[in-house]
Peer 1: 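Structure below; questions to follow.
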Amino acid sequence: MPALAERLGAAPVAATVTMTIRARALRAAGAEVIPLTIGEPDFPTPLHAIEAGYKAALAGQTKYPPQDGTPALKEAVRKKFRRENGLEFAPDEVMVGNGGKQVLYDAVMATVDPGDEVVIPRPCWTAYPLMTKLAGGVPVSVSCPENNGFKLRAEDLEAAITPRTKLLILNLPNNPTGAACTRAELAEIGAVISRHKQLWVVADDMYEHLVYDDSFSLVTLAAAVPDIADRVVTVAGVSKTYAMTGWRIGFAGGPRALIKAMVNMQGQVTAGVSTVGQAAAVAALEGPQELVAERRAIYRRRRDLVVAMLNEAPGITCRKPEGAFYVYPNVGGCIGRTSAGGRPIATDQDFAQALLEEAHVAVVHGAAFGMSPYLRISYATDEAALTEACRRIAEFTAGLR
Ligand SMILES: Cc1ncc(COP(=O)(O)O)c(C=O)c1O
């Protein structure tokens, strides 16, 4: 066989996928596995969005779309940024991609040259370092410790920036920790960015609508720190907010030159984004928004349930996150022990594997996101399953020797 390109050696199979495959195998063998690995809402796509996609197809919207998105969706995206984020964009300052993921990839490819450094607060979504490496860039991770609420400290950001730093990727609320920053915290981070004029910033707001405490109001970076807005590209989408992960629609608003380059990048890889998906996304953005608040209330109850139950489990402590649908419990009290089934627990990966094999609960180990000893638990599933999963986790940790 001829050799494959080396570049993909930099992109191993995501740990989340590996755990999901093992969980499926156990399930096929008859085990009642509770999967808490995947970052996907368990709700259906709103009916009016599905109908809009169907009608668009029937109406003949089945031809190649403009590469930067249909005029209707771009207009809906501009309105969304104005209404929800207080950000004003001209039509050529927004673009649509195949999911938030492609938009992020477009942004990395449009800003990072080989050898450029990309500052990525850690723990982080696994995709950022991999995208950086695919672009030939060098991921530079900055630790966001638990005792700072898993949030990036301005002084740590300052220390990580070098003359080669080209891009900072900020994801709030965060996958995997659920952490989100206040306006004042963003202002401190913004002051550092402001000093380093060579820096582009991606604000990944994919979980912007999943924020739970009334006392906490989320503001996006470009709105919190307007004097750096000409270097910030704000990325969001319909996947998490409207339970539309399979429609593959994400979007961005940012400086014209960067958006143009991102569209150019996308145009080389795909001839645009599914017209049917774009029509559905217009309906989601422009249609009734009540369901966003209804679902948020459900996620909030689940978060509170999971945090309370995990804090009862011996050896585990769990910070209550501001948002997203993940908790990131600390399993430090379980490391160095042995499971009831005789498996030594030296790392969080050992913990996750033993938990899957012995308690049939699938979670992802913190090392996969760059910070140990933690687990990422997705609570985008029903309360009965969450209650049973947390009961099994507590039983598992109580059984450690
Ligand atoms: C932090 C973060 N950004 C972006 C995405 C990508 O979203 P999409 O499904 O729209 O590609 C995800 C998906 O898990 C995510 O966790």
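Each ligand, and each atom within it, is numbered from 1 in the order the structure gives. If you're wondering where the values come from, they're calculated on a predicted model, not measured in any experiment.
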Peer 1: Could you tell me whether the side chain of Trp200 reaches within less than 4.5 Å of the side chain of Pro255, counting heavy atoms only?
Peer 2: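 Of all side-chain heavy-atom pairs linking Trp200 with Pro255, at least one is under 4.5 Å.
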Peer 1: Taking the six-membered ring where the residue is Trp, are the ring centres of Phe89 and Phe251 under 6.0 Å apart?
Peer 2: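 No: the rings miss the under 6.0 Å criterion.
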Peer 1: Considering only NZ, NE, NH1 and NH2 on the basic side and carboxylate oxygens on the acidic side, decide whether Asp42 and Arg302 come within less than 4.0 Å.
Peer 2: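 Yes, charged N to carboxylate O under 4.0 Å.
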Peer 1: Is there a side-chain contact between Ile161 and Gln198, using heavy atoms and a 4.5 Å cut-off?
Peer 2: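 When only atoms from C-beta onward are counted, Gln198 and Ile161 do touch, with a gap below 4.5 Å.
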Peer 1: Taking atom types as modelled and ignoring hydrogens, do the side chains of His196 and Glu158 form a donor-acceptor contact shorter than 3.5 angstrom?
Peer 2: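 Result is yes, a qualifying pair exists.
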Peer 1: If the threshold is 4.0 Å, N to carboxylate O, is there a salt bridge linking Arg256 and Glu93?
Peer 2: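 Salt bridge between Arg256 and Glu93, a charged N being under 4.0 Å from a carboxylate O: yes.
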Peer 1: Given a heavy-atom cut-off of 4.0 Å, could you list the residues near ligand 1 in chain and number order?
Peer 2: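 Within the 4.0 Å shell of ligand 1, which is judged on heavy atoms, sit Gly99, Gly100, Lys101, Leu104, Trp125, Tyr128, Asn171, Asn175, Asp204, Met206, Tyr207, Ser239, Lys240, Arg248.
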